[in-house]
There are 2 protein chains.
Amino acid sequence: MLDFAVLGLLMERPRHGYELKRALGELGFWRVSFGSMYPSLRRLEKRGAIEATTGTGRRKSYAITEAGRATFAALLAADPDANETDRAFQVRLAFLGHLPQEQRVKILEERRNRLSSQLKTARETLVDARTASKNTDRYRLALMEHAMRSTEADISWLDGLVASERRTATA
Amino acid sequence: MLDFAVLGLLMERPRHGYELKRALGELGFWRVSFGSMYPSLRRLEKRGAIEATTGTGRRKSYAITEAGRATFAALLAADPDANETDRAFQVRLAFLGHLPQEQRVKILEERRNRLSSQLKTARETLVDARTASKNTDRYRLALMEHAMRSTEADISWLDGLVASERRTATA
DNA sequence: TCTGTCTATATCGAATCGATATATCTTTCG
DNA sequence: CGAAAGATATATCGATTCGATATAGACAGA
């Protein structure tokens with residue numbers, strides 16, 4: 001997943017490890033550690049997906065290769081498996097602009113539907129946890145409610161993105 | 001972190017691995033894998049924090065020991081370090097009821113303040129990313145905005161929890 | 001010049017994930 | 001009745017990711 005993100009960032013222009021870590025952190029949902037980043041770069045280099053071009057001083061700038069571009073495209077378009085994590089989806093979203101609109105909308109809607117069914121399950125669990133017989137701790141209840149509200153917010157957000165796609169399509 | 005969560009759940013009553021995994025999953029923010037759960041149980045058992053009491057059939061029920069209770073209390077009350085993850089905080093929250101109100105409020109407020117300063121940074125990053133010269137991809141912008149809004153929602157949620165604590169204190 | 005802070009790469013051990021193997025128990029239904 | 005299906009339950013493997021730490025050059029300000 002990190003490898004995919006790295007390839008995505010290198011699609012724009014070459015960068016070095018520290019910069020890649022910073023750029024990912026700025027997306028706001030993932031603070032990658034150096035202990036993940038540098039091994040990822042070595043994995044990708046070994047596979048021939050990226051190339052190091054020594055830069056200024058200590059810096060090692062990496063550029064994506066043709067093979068890397070192919071790998072990236074394949075991963076981006078691959079249909080998301082049923083238990084794609086939040087993070088995996090967000091990473092994919094960060095690079096969705098590389099896909100044609102039709103596929104973008106499809107991916108957004110699939111995600112929306114998955115969250116929707118998760119929400120249904122969460123609601124049932126919550127109703128169950130609220131029964132007097134269960135007597136669930138109030139902080140635990142608060143957490144469950146908060147998780148539910150977050151999922152609802154995510155769903156409206158996705159709806160907004162789809163709506164925005166449709167607007168630009170008909171415009 | 002998982003070890004702490006397991007101890008917290010075992011504070012109520014003995015449970016077996018599968019049940020612990022399910023209970024954590026129901027909190028809505030962490031789907032623990034078996035590959036994490038069973039090793040965690042073995043770690044805790046080795047440390048003497050829990051004891052296995054063979055249950056029905058294949059099931060192995062685990063109970064927390066006195067040493068385990070002490071470990072749990074220490075971890076729960078330990079002051080959160082500056083870069084506590086979202087997940088670590090949520091796990092702590094799940095068991096906040098074991099602390100006296102004064103400490104609960106303190107922990108909630110510290111978290112609130114940390115999120116607040118994170119939000120400030122995120123806002124600056126976003127303003128920066130929006131400048132025409134940067135020309136950030138619209139999906140990347142959408143992700144940054146969404147992360148910001150999520151943080152804002154988390155902050156109001158925490159405010160609500162604090163307010164609720166204060167109400168019961170003065171009641 | 002001293003001190004801190006930011007940049008930058010690297011590595012280690014431990015925690016966690018995701019997939020898979022295996023077996024039992026319960027429910028469903030032909 | 002018995003077969004199939006699905007939930008329950010434990011376990012382990014390799015790979016990924018984390019968190020902490022080491023190292024060191026660049027630059028700023030006091």
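Proteins get letters first, then strands, A, B, ... in listed order; numbering begins at 1 in each. All values reported here derive from a predicted model rather than from experimental measurement.
Contact check, B/R42 against D/dT12: a side-chain N or O comes under 4.0 Å of OP1 or OP2. Between D/dC18 and B/R87, no contact under 4.0 Å exists linking OP1 or OP2 to a side-chain N or O. Contact between the side-chain N/O atoms of B/S36 and the OP1/OP2 oxygens of C/dA15 is not found at any separation under 4.0 Å. Distances shorter than 4.0 Å separate some side-chain N or O of B/R22 from OP1 or OP2 on D/dA9. The phosphate of D/dT16 has neither OP1 nor OP2 within less than 4.0 Å of any side-chain N or O from A/W30.
If you check every strand for non-hydrogen atoms under 4.0 Å, B/T85 touches sugar and phosphate atoms only. Among the atoms of the strands shown, only primed sugar atoms or phosphate atoms (P, OP1, OP2) are found under 4.0 Å from some heavy atom of B/M1. Within 4.0 Å (heavy atoms only), A/G35 reaches at least one base atom of the nucleic acid.
Listed candidates were C/dA10, C/dG18, D/dC18. Nearest to the side chain of B/S33 is C/dG18. Here the nucleotide nearest the side chain of A/Y38, chosen from C/dT16, C/dA10, C/dC17, is C/dA10.
Looking only at distances, no side-chain donor or acceptor of A/T131 sits under 3.5 Å from a matching main-chain atom of A/V127. Of the possible polar contacts, one joining the B/S156 side chain to the B/E152 backbone as a donor-acceptor pair under 3.5 Å is found.
B/Y18 has its OH atom 11 Å from the C1' atom of D/dT10, to the nearest Å. If you take CE of B/M37 and C1' of C/dT20, they are 19 Å apart, rounded to a whole angstrom. B/L41 has its CG atom 14 Å from the C1' atom of D/dT12, to the nearest Å. Atom CG in A/D86 sits roughly 17 Å away from atom C1' in D/dT17 (whole-Å rounding). Counting to the nearest Å, the P atom of C/dT11 and the NZ atom of A/K60 are 8 Å from each other.
Taking CG from A/D154 and CD from A/Q118, the interatomic distance works out to 9.5 Å, rounded to the nearest 0.5 Å.
In this structure, A/F34 and A/Y18 have parallel ring planes: the angle between them is below the 30° cut-off, well short of the 60° mark.
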